[in-house]
Amino acid sequence: MRFLIAIGLALWCTGVFSQPVFQEVSLQVGINHSAVMCDFEMPAQGGAAWFDYDNDGNYDLYLTGGAGPDALFRNNGNGTFEDVTVQAGLSVIGNVNTDGVTTGDINNDGFPEIFVSTFRTDVNRLFWNNGDGTFQEISDWEGSSDTANSFSASFADLNLDGFLDLYVSNWSKYQDVIIDGSNIYVDSQENYYYQNNGDGTFMEKAADLGIDDTLGCGLGVLITDFDNDHDLDVYVANDFGYFPGNSANRLFRNEYPNQMFTEISSDANLNLEMNGMGVAKTDINNDGQFDYYITNLKNDRFMVSSPAGYSNELIDRGLRNDSVWTQDLQYRRVKTGWGVAFLDIDNDMDEDLIVANGDLYYDYPNPTLDSNKCFLNNGFGQFEDISRDLGIADTYVSRALAYCDYDSDGDLDMFVGITDSVNGVSHSFLYRNDSPQMNWLQVKPIGIQNNFDGIGAKVIIYINGVRQMREVGGESSFNSQHWRVAHFGLGSHAGVDSLDVVWPGGGLDRYYSLQAGQQVEAVEGMGMITHVLEQQTFSVYPNPFSDHIIFEKPIDITKVELVDAAGRIVWSGTRSTANRIDISTSHLPKGCYTLRVETEQGALSKELVKF
């Protein structure tokens, strides 16, 4: 009930928001690339990763090509990109069949490395970032001799030693269906976990830690603090999970400080028997526990937390993504979901959902109907399909999906990877977000004791009693990686009342009164670096409040007024030498208030809520 009241008051105070707008600009900005399937048996190639490889503050894009070439596109900082694959020393991978990609700063020097997963008979590749705009393949790393059929992967610090480890999901080497009496299964391949030794080398320890999942055909992986105990757990989306001899989706709980994991999929009701592809997370019911969306062949799943455990609320919340009418409307056929992400596309303070769909086999009649989906959140956890209105319901074969604010304008843009040429289109899509301007805040955690990338850090903001939570990194969508910045839409709010960064291991950094319209770097234990706008010149807390408000003012104040929703002044003060004022509010009714502050330079204000 408290959550619903907070949402209602927030909507009351902020008003109604406008329809989002996307423009497809890939060729216009210099990105011309698509993936090519490696064979007809498993046409699941194509991955994308947003990262700042040259540390210039602009986010670049690495794309895998399947049987075609990979490419690295450098962000020029003016809304355009340049193909720098050759200059960066990455053309060596041009003759390799590639699947997915992820990045991570494995030695904490500020320059992220690149990991590329490969198809079948090849070995996965790890590229060292030289810090001068070039990369060098590490030919003798721990995984250099591991022949696999690898897809999604993720860097994360699973043993909390401050260095990023690497988890790799492996599918099936041959996709042979085997019948052994009553047992039917597809030949599977164990997953890999490479533990970082802290000196640029790794040790493969998946079996030792119980996270190899030998019976699973892994396609997606999400590394997240599932149980809020400040260490990172592993959730794997498995293909063929409904076969009796194969693993369903698997959740491995981290038992840190013990160096082991416990498989708890059944206990959490996340042992889903499906063709699991990609995974995304959000906190849809604002209970402080992440909820998980898993794409599938036909029925996706949206597993929402409650005190009784996780349950599928896909249909109830308006997120149906399971079938489509054929072109002649004679029958329905299944959809196939791949990349997926929750993100606030219109900056209205709630996360929306985008799913990349695409035919499994390209010779299926009418493959153009398997279009991508965008579901807009109405602010109460219910969704509406606006794919066609938004212009992202493209008619091609999609796989990868990754988001980033590549043009630094405060809204999230989206890359959708296209595999092969269908209907004459041979390039993937970059959708630039041109939605009506709303307020926003972006937070990039930088680890000191923890990993430099801040992977695993939770960022939580509070505005007028409404709480938003993000977790940085550790997600693969499908074969892909989003940028590692926590993005918050703020609606019409001018800032946030407070912000918490909860680090892996449990460390907490707290900040008050941050203005909208800026990206900030939260440096672990050392404070905050702001970009674009300066931090507010006064702070007010707690918010929401009950019996009092603390007003701190390191600037010269001529007048302070607390005004209710009807515009009536309920408290006022004049010039004071005190830098801290305690305002009694126990007599005030519940509702929305505004604190107005007058200085010799102008007027400032802050919205508050009393419960």
Side-chain angles (χ1 to χ4, degrees), residues 2-15 283 286 288 344 347-351 379 410 438-443 445 457-470 486-502 508-520 522 527-528 530 532-555 557 560-565 570-571 579-586 588 590-597 599 603-611:
R2 179 177 176 138
F3 167 66
L4 292 177
I5 292 173
I7 288 290
L9 288 171
L11 293 174
W12 174 32
C13 294
T14 59
D283 182 10
N286 208 36
D344 188 351
N347 283 339
D348 68 345
M349 299 182 64
D350 54 59
E351 289 194 296
M438 301 296 290
N439 289 333
W440 53 276
L441 179 71
Q442 294 168 354
V443 183
K458 289 191 182 75
V459 183
I460 306 167
I461 65 167
Y462 299 88
I463 306 174
N464 293 349
V466 178
R467 177 183 189 269
Q468 293 190 60
M469 178 174 66
R470 307 284 187 265
H487 175 94
F488 298 92
L490 304 184
S492 59
H493 295 287
V496 306
D497 302 312
S498 61
L499 181 150
D500 290 346
V501 181
V502 183
L508 172 66
D509 291 330
R510 178 166 290 162
Y511 306 91
Y512 293 103
S513 298
L514 300 178
Q515 271 191 328
Q518 61 180 334
Q519 185 181 116
V520 299
M528 184 169 282
T530 64
V532 182
L533 295 176
E534 296 297 322
Q535 190 168 339
Q536 281 190 220
T537 51
F538 70 92
S539 61
V540 183
Y541 60 91
N543 189 23
F545 63 92
S546 57
D547 58 350
H548 74 112
I549 303 170
I550 301 297
F551 172 61
E552 294 183 347
K553 55 179 195 67
I555 56 175
I557 300 295
V560 182
E561 295 177 339
L562 186 63
V563 181
D564 66 15
V570 296
W571 184 92
N579 287 330
R580 186 177 187 272
I581 302 173
D582 192 331
I583 303 173
S584 175
T585 58
S586 58
L588 298 178
K590 298 175 181 179
C592 289
Y593 293 84
T594 302
L595 190 74
R596 297 175 180 169
V597 178
T599 73
L604 303 168
S605 65
K606 169 74 71 177
E607 293 177 341
L608 306 169
V609 171
K610 179 175 181 180
F611 283 108

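Because only heavy atoms are used, hydrogens play no part in the values below, and waters and symmetry mates are left out as well, while side chains stay in.
Taking each heavy atom of T585 and H548 in turn, the nearest pair found is OG1-N, 3.0 Å. Nearest heavy-atom pair, W440 versus Q519, reported as atom, atom and distance to 0.1 Å: CZ3-N, 4.0 Å. In terms of heavy-atom proximity, H493 sits nearest to A516 at O-CB, 3.9 Å. The shortest non-hydrogen separation linking A457 to V501 is CB-CG1, 4.3 Å. What you find for G410 and H487 is that their closest heavy atoms are O-CE1, 3.2 Å. Considering all non-hydrogen atoms of both residues, G489 and D344 come closest at CA-OD2, 3.4 Å.
The distance from the CG atom of N464 to the CG atom of D497 is 5.5 Å, given to the nearest 0.5 Å. Summarising the geometry, atom CG belonging to L514 is positioned 6.0 Å from atom CG belonging to L441; distances are rounded to the nearest 0.5 Å. Expressed to the nearest 0.5 Å, how far CZ of R470 lies from CD1 of I461 amounts to 7.0 Å. Once rounded to the nearest 0.5 Å, the distance linking CH2 of W571 with CG of D564 reads 15.0 Å. Atoms CD1 and OH, from I550 and Y512 in turn, are 10.5 Å apart once rounded to the nearest 0.5 Å. To the nearest 0.5 Å, atom CD of residue Q468 and atom CG of residue D350 are 8.0 Å apart.
Without hydrogens or angle criteria, N347 side chain to L490 main chain gives no donor-acceptor distance under 3.5 Å.
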**Q.** Verdict with reasoning, F551 to V597, per side-chain contact (heavy atoms from CB on, under 4.5 Å)
**A.** CA-CA 10 Å; F551 172 61; V597 178; 3.9 Å; yes
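Side chains of I463 and F488 form no contact here, defined as non-hydrogen atoms less than 4.5 Å apart. Residues L562 and L588 form a side-chain contact, since some pair of their non-hydrogen atoms from C-beta on lies under 4.5 Å apart. When side chains are defined from C-beta on, N286 counts as touching R467, because their heavy atoms get closer than 4.5 Å.
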